[in-house]
Amino acid sequence: MTDHLTAGPPLDPPSDATLERPRRARASIGLVFAVHGAVSGSFVTRIPWIQDRLDLSPGQLGLALVMPAIGSSLAMPLAGRFVHRYGGRAAVRGLLSLWCLALTLPALAPSLPVLCLALLAFGATAGMADVAMNAQGVEIEQRLGRSIMSGLHGMWSVGGLLASAFGILAAHRDLDARLQLAVTALVLLGLAQLVSRGLPDLRAAEGEEEPPRFALPPRSSLVIGLVGFCAVFAEGASMDWSGVYLKDVTGASATMAAASYTAFALTMAVSRLAGDAVIRRLGAVRATRISGAIATTGGVLVVLADSPALAIPGFALIGIGIAVVVPLAFAAAGRIGTNPSQAIAGVATVTYTSGLVAPAIIGALAQATSLTVSFGVVAALTFALLLSAGALRRAEPDAGHPTGGEHPAAAAGRPTEKVITPSSK
């Protein structure tokens, strides 16, 4: 994969035939994101079953649930090597298939140490597939010449919500999680193979040096990663602590406390699906600043809330505000240098680390002060999005090209990659 064109006269408008494959690829990569999200949503709903089966204390379960983030952070730098060696389509197909199969591992673990190892592998496959599919998404976005990354992450949320609904039904019927997750894994594996066929077969230029196994990401991607860090910190804090906040701070019932997460998850999913239209209209930087303002307003409502009537809308506004930030961070990282996978891995590592530490930091601050103070920190981090939005300027649709981004016709004619239609091998 190569950089954007930086000079030259405007290109002729593309024909429908020129855009046909990128549009087909757009649908395929959206389904890839949905499958990835479905694996995550399937696992989350059976965590209580795993805890009961192994008789884990909350502390032991917490230790086990740290492992996926550690596995992801360790393995994500390897994804660029897979993409370089096997091509984008094969890398996504293989890594997504491994992630689907890894869904069976946690429920089969007979003890806490084995569960930790299973979740380490589970997270490693998740992280590598995440980097590979985001790299594909960025490339397809550049070919289309318009923002699609927010919608792709929205598809991830949709896949997770649909799969979690099935998992909740299975749990309600007391279905053995080993059977349910095995069947789900096989179904998702088949879907992964099917939807990956529509992806373009992106390959490195002939003679291009293979990236090292573990390489430090470009410094510019770390700046972008810090923007993602703020958003993911707010996401992790809200997902894990919103129910506790409503119960302990506002006196909400258990049912209403659970509804706070639903409001947060649904608003974030809907906002991501609609986010591309907003980004195309406002641009990445303005959209991020407005998003930061919305999330900060939500954080302030949560801090001031003395009743669920204020806290639940506050969490919903946080979800709306942070929805497009991480997709934009990946889009911006994918436009750095000649190895987008390496830059995306750097941003993903920083954001995954944020998701790892956020719940623990919120808990520690709550223990030392209060949950209200903890969410004051969340509000401060979302406010930082207003100040740091300029770091995502690379995600603008016209970044790096005087005519509005790399033209699909130019992308289709690149000599540095081989594009094979979905029907060919």
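We use all heavy atoms of the structure for the numbers below, so side chains are in, but hydrogens, waters and symmetry mates are not.
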Report summary line: Rounded to the nearest 0.5 angstrom, the OG-CG distance for S196 and L95 is 10.0 Å

Requested in this report: Carefully, step by step, assess T372 and Y245 under the rule side chain to side chain contact (heavy atoms under 4.5 Å, CB included).
Outcome: CA-CA 8 Å; T372 302; Y245 194 97; 3.6 Å; yes

Report summary line: Here the gap from I140 atom CD1 to M149 atom CE, rounded to the nearest 0.5 Å, amounts to 9.5 Å

Requested in this report: Would you mind reporting whether F315 and T267 have side-chain heavy atoms less than 4.5 Å apart?
Outcome: no

Requested in this report: Begin with the C-alpha distance, continue with both residues' side-chain angles, and end with the deciding distance and a verdict on side chain to side chain contact (heavy atoms under 4.5 Å, CB included) for I361 and V377.
Outcome: CA-CA 10 Å; I361 291 177; V377 173; 5.8 Å; no

Query raised in the report: With a 3.5 Å cut-off and no angle check, do the side chains of D276 and S147 form a donor-acceptor pair?
Result: yes

Report task. Enter the distance from L194:CG to L31:CG here, rounded to the nearest 0.5 Å. Result -> 8.5 Å

Query raised in the report: Side chains of R197 and R93: closer than 4.5 Å at any heavy-atom pair?
Result: yes

Report task. Please tell me if the side chains of L56 and L63 come closer than 4.5 Å, counting only heavy atoms from C-beta onward. Result -> no

Query - Minimum heavy-atom distance between V35 and C100, given as atom pair plus value - result: CG1-SG, 4.0 Å

Query raised in the report: Once you round to the nearest 0.5 Å, how far does CG of L199 lie from CG of L96?
Result: 9.5 Å

Query - Distance-only side-chain donor-acceptor flag, T45 / S164, under 3.5 Å - result: no

Query raised in the report: If we only count heavy atoms from C-beta on, is the W241 to S374 side-chain gap below 4.5 Å?
Result: no

Report task. Output yes when a side-chain donor or acceptor of T104 lies under 3.5 Å from a complementary backbone atom of L101, and no otherwise. Result -> yes

**Report entry** Side chain to side chain, L188 and W99, heavy atoms closer than 4.5 Å
**Finding:** no

Query - Set of residues satisfying salt bridge (Lys or Arg N to Asp or Glu O under 4.0 Å) with respect to D176, sequence neighbours excluded - result: R178

Requested in this report: Locate the shortest heavy-atom distance separating A332 from I224; write the atom from each residue and the value.
Outcome: CB-CD1, 3.7 Å

**Report entry** Side chain to side chain, M133 and W156, heavy atoms closer than 4.5 Å
**Finding:** yes

Query raised in the report: Going from OG on S271 to NE2 on H153, what distance comes out if it is rounded to the nearest 0.5 angstrom?
Result: 14.5 Å

Report task. Apply side chain to side chain contact (heavy atoms under 4.5 Å, CB included) to the pair V324 and V278, showing each step before the final yes or no. Result -> CA-CA 9 Å; V324 303; V278 175; over 6 Å; no

**Report entry** Given V326, V158, L152, the one that forms side-chain contact (heavy atoms from CB on, under 4.5 Å) with R272
**Finding:** V326

Query raised in the report: Do S291 and I322 touch side chain to side chain, with heavy atoms closer than 4.5 Å?
Result: no

Query - Stepwise side chain to side chain contact (heavy atoms under 4.5 Å, CB included) check, T351 with V232 - result: CA-CA 6 Å; T351 56; V232 173; 3.8 Å; yes

Report task. Can you measure from CG (D130) to NE2 (H36) and round to the nearest 0.5 angstrom? Result -> 4.5 Å

Query - Any donor-acceptor N/O pair, T382 side chain to A379 backbone, under 3.5 Å - result: yes

Query raised in the report: Do the non-hydrogen side-chain atoms of L226 and S388 ever get within less than 4.5 Å of each other?
Result: no

**Report entry** Short side-chain to backbone donor-acceptor contact, T296 and F383, under 3.5 Å
**Finding:** yes

Query raised in the report: Excluding sequence neighbours, so at least two apart, what forms side-chain hydrogen bond (donor to acceptor under 3.5 Å, both in side chains) with R46?
Result: Q180

Requested in this report: Heavy atoms only: give me the nearest T288-A284 pair and the separation to one decimal.
Outcome: OG1-O, 2.7 Å

